[in-house]
Amino acid sequence: MTETNEWAELLAYDRDHVWHPYAPLPARSAPLPVVSASGVRLRLADGRELVDAMSSWWTAIWGYRHPALDAAVREQLDSMAHVMFGGLTHAPAVELARSLAALAPPGLDRVFFADTGSVAVEVAMKMCVQYHANVGRPQRTRFLALAGGYHGDTLGAMSVCDPVGGMHHLFGGALPQQIFAPRPPAGEGVDPGWEAEVRELARRHSHEIAAIVAEPVVQGAGGMWFYDPGYVQVLREVADEHGVLLLLDEIATGFGRTGTMFGAEAAGVSADVMCVGKSLTGGYLTQSATLCTAEVAQVVSGGEAGCLMHGPTFMANPLACSVALASLGLLASGQWQRQVERVGSGLRSALAPARARPGVKDVRALGAIGVVQLDHPVDIAAATQAAVSRGVWIRPFRDLIYAMPPYVTTDDDVAAIGTAMLAAAAAG
Ligand SMILES: *Cc1c(COP(=O)(O)O)cnc(C)c1O
């Protein structure tokens, strides 16, 4: 085990030399050193244990050191860690593609593997542009996206993120200019004003739109925002009406998080192109996939290029494919449904008292997601500290204190997360 003085040295180097996400360098605040994790707990260098209410950015749906996932990685390591995917193939990739296709909404059974969510979105956007070029509509290169969305941090993906919260202004001319519809309002049913506005936008821009892009049912990093599945149905209809593709980003919503296997399922809708990532490997390794219909694959594979112009170096990494396959195997047992419901109802009741607290604007829960929205920006250091002192790891952002715990979190641990979030809301 690393001694305290060694940690002091590591943390000093970390502060001055190692970037952390969305952080300055040198860092202004010190990260917590983690030495191991198991079940739903992170173990810190000083011996403290924290219940991980974040599932390591929404990925570790089975917690840490799950025996089936550990075994899948070990077993694969004994045959090969990696081989290139150009001109070669392997069973883990083929089997994973087959499992994904079986799980996905109908029609999405062509699979492109990539290494991160952002790249899956880039690939999806390129597919849509190539599709239209190949059917003789090369002017269709723009995207109709939703305000409040989040689709990743690369330039293409950033261009379809919320134009205000996504900080487009910081990158100015570096981003392609997209078309934005308002965020779907909260509440049941579809707001007729919203629908009219989206239909009008699509009509006005249809000649230049390659695809409509959305996170179905839950907008994640753009604001932990829940909206009625009816809005996804409207997007499907509008896309069909104008010969536009529907690109659904299920990187956050996929694999049961919102209560259905995919967000689109709640709407009874299939996309033409769909992205998955985050919890795909149960949080073990970095991998994503872009699924599309047979028609999209066929059209993209015709035309001038005769292929999809993308190929990540670590495409279909066998270790990642094997552990993803094991995670999909756990999902196939169907237990996730009850687990997600249980975690969700635990969060709902634990967070309910926050509604009456000063400074709280809204409290909401869906699937295994619980959110306390404040009426002011969270004091992140104070809120995090309040939760950590109660044995819970959270990472608030903007005005949001939220939890997306592993599906396997026990009732007691869910209750502890709720208590810690209330304390964070009071402190932050
Ligand atoms: C996290 C996320 C991404 C980006 O995934 P990375 O693996 O961080 O590149 C894209 N879309 C959605 C909806 C996400 O939640």
Side-chain angles (χ1 to χ4, degrees), residues 19-23 54-61 104 112-128 143 145-163 165-167 175 178 183-184 211-227 231-232 235 246-258 260-264 266 271 273-291 310 312-317 320 323-324 327 366-369 371 395 397-398 400 402-404:
W19 290 104
H20 284 258
Y22 312 107
M54 299 286 93
S55 303
S56 277
W57 267 342
W58 325 346
T59 63
I61 54 178
F112 186 100
F113 290 113
D115 33 20
T116 68
S118 302
V119 172
V121 170
E122 297 286 339
V123 168
M125 292 172 75
K126 286 169 73 172
M127 264 183 197
C128 294
F143 293 82
L146 300 183
Y150 176 80
H151 300 285
D153 288 349
T154 51
L155 289 172
M158 251 200 322
S159 77
V160 286
C161 291
D162 182 82
M167 295 178 291
L175 298 186
Q178 312 297 7
R183 155 179 272 174
I212 296 175
V213 186
E215 296 154 275
V217 188
V218 173
Q219 292 184 319
M224 308 308 291
W225 183 256
F226 308 156
Y227 65 93
Y231 289 101
V232 185
L235 296 179
L246 180 62
L247 193 179
L248 291 182
D249 177 349
E250 298 257 15
I251 291 166
T253 50
F255 308 113
R257 179 55 72 179
T258 68
T260 49
M261 183 60 78
F262 293 98
V273 180
M274 171 174 105
C275 300
V276 295
K278 286 209 162 85
S279 65
L280 170 61
T281 65
Y284 271 56
L285 283 156
T286 173
Q287 194 179 39
S288 63
T290 305
L291 280 71
H310 209 97
T313 303
F314 284 98
M315 187 168 181
N317 172 260
V323 72
S327 181
L366 179 76
I369 310 171
V371 182
R395 184 76 178 156
F397 67 103
R398 286 199 240 153
L400 299 160
Y402 74 98
M404 286 178 65

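Worth knowing before you read on, the calculation uses all heavy atoms, side chains too, and leaves out hydrogens, waters and symmetry mates. Note that ligands are numbered from 1 as they come in the structure, with each ligand's atoms numbered from 1 the same way.
Closest non-hydrogen pair, Thr258 versus Gly263, comes out as OG1-CA, 4.1 Å. Closest approach of Ala289 to Leu280, counting heavy atoms only: N-CD2, 4.4 Å. Pairing each heavy atom of Val276 with each of Phe262, the nearest pair is CG1-CE2, 3.7 Å. Taking every heavy atom of both residues into account, Ala157 and Ser118 meet most closely at CB-O, 4.4 Å.
Looking from atom 5 (O) of ligand 1 to the surrounding protein, the closest heavy atom is Gly117 CA, 3.2 Å. The nearest protein atom to atom 8 (O) of ligand 1, hydrogens excluded, is given as Ser118 OG, 4.3 Å; this is a heavy-atom distance. Taking atom 14 (C) of ligand 1 as the reference point, the nearest protein heavy-atom neighbour is Lys278 NZ, 2.9 Å. The closest protein non-hydrogen atom to atom 11 (N) of ligand 1 is Asp249 OD2, 2.7 Å.
Taking every heavy atom of His151 and a limit of under 4.0 angstrom, the matching atoms of ligand 1 come to 10 (C), 11 (N). Those atoms of ligand 1 that come under 4.0 Å of a heavy atom in Glu215, given as number and element, are 13 (C). Distances below 4.0 Å separate heavy atoms of Gly152 from the following atoms of ligand 1: 4 (C), 10 (C).
Contacts of Phe314 classified as ring pair (Phe, Tyr, Trp, His ring centres under 6.0 Å), with partners at least two apart in sequence or in another chain: His82.
No donor-acceptor contact under 3.5 angstrom links the side chains of Thr281 and Gln287, judged on distance only.
Using a 4.0 Å cutoff on heavy atoms, Trp58 counts as a contact of ligand 1.
Around the CZ atom of Arg183, the shell of radius 6.0 Å holds more than 12 heavy atoms that belong to other residues, nucleotides or ligands.
Among the atoms of Val119, none of the N or O lies under 3.5 angstrom from an N or O of ligand 1.
Here Tyr150 has heavy atoms under 4.0 Å from ligand 1 in both its backbone and its side chain.
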